[in-house]
Amino acid sequence: MKILVTGAAGFIGTNFVYYELEKHPEDKIVGLDLLTYAGNLENLDGCKNNPNFSFVKMDIRDRKEIFDLFEKEKFDVVVNFAAESHVDRSIENPEVFLKTNILGTQVLMDASIKYGVKRYHQVSTDEVYGDLPLDRPDMFFTEDTPIHTSSPYSSSKAGADLLVGAYHRTYGLPVTISRCSNNYGPYQFPEKLIPLMINNCQNNKSLPVYGEGLNVRDWLYVEDHCKAIDLIIRNGKVGEVYNIGGHNEMRNIDIVKLIIRHLNKSEDLITYVTDRKGHDLRYAIDPTKIHNELGWLPETMFKDGIVKTIDWYLNNKEWMEKIVSGEYQNYYDSMYKNR
Ligand code: NAD
Ligand code: DAU
């Protein structure tokens, strides 16, 4: 099988490429990425000499290049991770989110139809369901929860999901969609909560907690997400949506304190800053469908995954240094300086 993985040099795409190459040595993977600020080709150094892997720098919005690539490679499966993925950036600059996340998805699906792709998989997010109240721990997102988005990011992902559904119904494109909760693990760009806090904490910088830190996210170790997608593209039912999440709800403040404790630092580093606009309160996935239909269950407990993750960042200081010494500093100042 030949699989196109878009967004391959980003956080989850990188982890997915390694997962697939190890789990299915009989398959060929083409990794595609535009290498935006979030894409890092060095992430893929570990497989650049693998004969089953090749990389192409390309923009999913570039119809001509994408069509040429599909004509040449004759993919069986497309897994679309490529996206603008950070909520805070979408609040500052929504446009690129709409262009990449919706129009880029359209280009990939048009090419998939023309060149007979057997499965188009859209990597989506639990954020398309909006949020849940903090005082209703009995409520969860199921695949039937209505789409109800809060941010330009989640709206662009929801727009793409609707288009994927329409391409299935109208043109018969064989699609699946997965909606996952918050991932954590190696190679995550330090604009996101966990790597940002690890990096700041290590460097004795203040830890900017939005609002009171009481918002809840449902954290999943990235490898468990990769395993779920692998199951869906091979055994999932065409036209279906699958929620992915591990029943691991945590308040932001508790995650930050856990990182502080693990790194032997002081809670005095915590700084409460102005809340995110439209900040979703709580995400919580009901993963019954993927469990019952595909036998998926998360394997990494949070208490183990978070230690593995912190240790990975400690052991890969150069990876972090390269990122934070570049354009990242301007981003950080504009987002946090006068917050
Ligand atoms: P990321 O920002 O780390 O990676 C996105 C990758 O897409 C980057 O490598 C970037 O260079 C690439 N990209 C951006 N625009 C592109 C374009 N026009 N053409 C080609 N490549 C382009 O994001 P991530 O956290 O790895 O998320 C991957 C996917 O998973 C996204 O679709 C996101 O919505 C979804 N998702 C993420 C999470 C999470 O917790 N991180 C959870 C659920 C779903
Ligand atoms: O739920 C899945 C989504 O998870 C994905 O679709 C997104 O691509 C991914 O970025 C993530 O979105 P969140 O907005 O939940 O992740 P983020 O790491 O940005 O923030 C997690 C929580 O931590 C959120 O409540 C905001 C808070 N936060 C975040 C940052 C960066 C802080 O308190 N301080 C911070 O500096």
Side-chain angles (χ1 to χ4, degrees), residues 5-16 31-41 43-44 56-62 65-66 79-91 96-97 99-101 103-105 107-108 122-129 131 141 150-151 153-154 156-157 160-161 178-185 187-197 200 206-220 222 225 229 243-245 250-253 255-256 270-276 279-285 332 335-336 339:
V5 178
T6 70
F11 164 45
I12 310 175
T14 294
N15 281 283
F16 184 73
L32 178 154
D33 203 293
L34 180 59
L35 302 177
T36 69
Y37 79 90
N40 184 348
L41 194 49
N43 290 356
L44 298 167
V56 50
K57 180 172 183 228
M58 201 174 283
D59 187 337
I60 59 166
R61 294 163 298 183
D62 189 329
E65 284 203 348
I66 291 288
V79 182
N80 181 25
F81 290 97
E84 290 292 333
S85 68
H86 191 38
V87 173
D88 292 323
R89 289 186 194 253
S90 83
I91 294 168
V96 67
F97 284 74
K99 288 184 170 158
T100 292
N101 298 0
L103 298 178
T105 295
V107 170
L108 291 173
Q122 178 74 1
V123 181
S124 186
T125 166
D126 61 358
E127 296 199 14
V128 302
Y129 299 122
D131 61 355
F141 297 136
S150 313
S151 70
Y153 162 69
S154 56
S156 69
K157 293 296 289 184
D161 282 13
S178 54
R179 295 183 177 144
C180 191
S181 59
N182 286 63
N183 286 214
Y184 68 100
Y187 302 106
Q188 188 167 28
F189 194 85
E191 64 192 349
K192 308 283 167 47
L193 180 76
I194 289 180
L196 185 148
M197 294 298 169
N200 282 17
S206 71
L207 307 176
V209 172
Y210 298 170
E212 295 176 76
L214 303 180
N215 303 60
V216 169
R217 298 292 183 265
D218 179 359
W219 293 95
L220 184 73
V222 62
H225 186 186
I229 293 174
N243 281 357
I244 309 170
M250 306 266 301
R251 299 187 313 178
N252 295 339
I253 189 66
I255 301 238
V256 172
I270 295 174
T271 312
Y272 293 94
V273 300
T274 308
D275 210 349
R276 176 185 278 174
H279 198 171
D280 281 337
L281 293 173
R282 170 177 168 248
Y283 303 145
I285 283 278
Y332 196 88
M335 205 54 92
Y336 294 97
R339 190 157 186 155

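Whatever order the structure lists them in is the order used to number ligands and atoms, beginning at 1. Here the structure is a predicted model, which means the values were calculated and not measured.
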Can you sort out which atoms of ligand 1 are near [X], meaning under 4.0 Å from one of its heavy atoms?
X	value
Ser124	43 (C), 44 (C)
Gly7	6 (C), 7 (O)
Gly10	3 (O), 4 (O), 8 (C), 9 (O)
Asp59	17 (C), 18 (N), 19 (N)
Ala9	9 (O)
Met58	19 (N), 20 (C)
Thr36	10 (C), 11 (O), 14 (C), 15 (N)
Asn182	40 (O)

I want to know if ligand 2 touches [X] in the polar sense, i.e. an N/O pair below 3.5 angstrom.
X	answer
Leu193	yes
His279	yes
Asn215	no
Glu191	no
Trp219	no
Ser181	no

Do side-chain atoms of Asn80 reach the backbone of Gln122 as a donor and acceptor pair under 3.5 angstrom?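 Looks like no, no N/O pair under 3.5 Å.
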
For Asp126 and Ser181, which I'm curious about, is there any donor-acceptor pair between the side chains at under 3.5 Å?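 No donor-acceptor contact under 3.5 Å links the two side chains.
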
Below a 4.0 angstrom heavy-atom separation, can you tell me which part of Thr100, side chain or backbone, both or neither, approaches ligand 1?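 Contact part for Thr100 vs ligand 1: side chain (C-beta onward).
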
Please work out whether any backbone atom (N, CA, C, O) or any side-chain heavy atom from C-beta onward of Leu35 is under 4.0 Å from ligand 1, and answer side chain, backbone, both or neither.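 Answer for Leu35: backbone.
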
Return the set of residues passing side-chain hydrogen bond (donor to acceptor under 3.5 Å, both in side chains) with Tyr153 (not counting sequence neighbours), or none when no residue passes.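 With neighbours one apart ignored, the set is empty.
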
Only counting residues at least two apart or in another chain, list the ones meeting side-chain hydrogen bond (donor to acceptor under 3.5 Å, both in side chains) with Arg282.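 Arg282: side-chain hydrogen bond (donor to acceptor under 3.5 Å, both in side chains) contacts with Glu249.
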
Could you tell me whether His225 and ligand 1 have an N or O pair separated by under 3.5 Å?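 In fact, backbone or side chain, His225 has no N or O that close.
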
When you measure from the centre of the six-membered ring of Tyr184, is the NZ or CZ of Arg217 under 6.0 Å away and within 45° of the axis?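 Verdict for Tyr184: no cation-pi partner in Arg217.
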
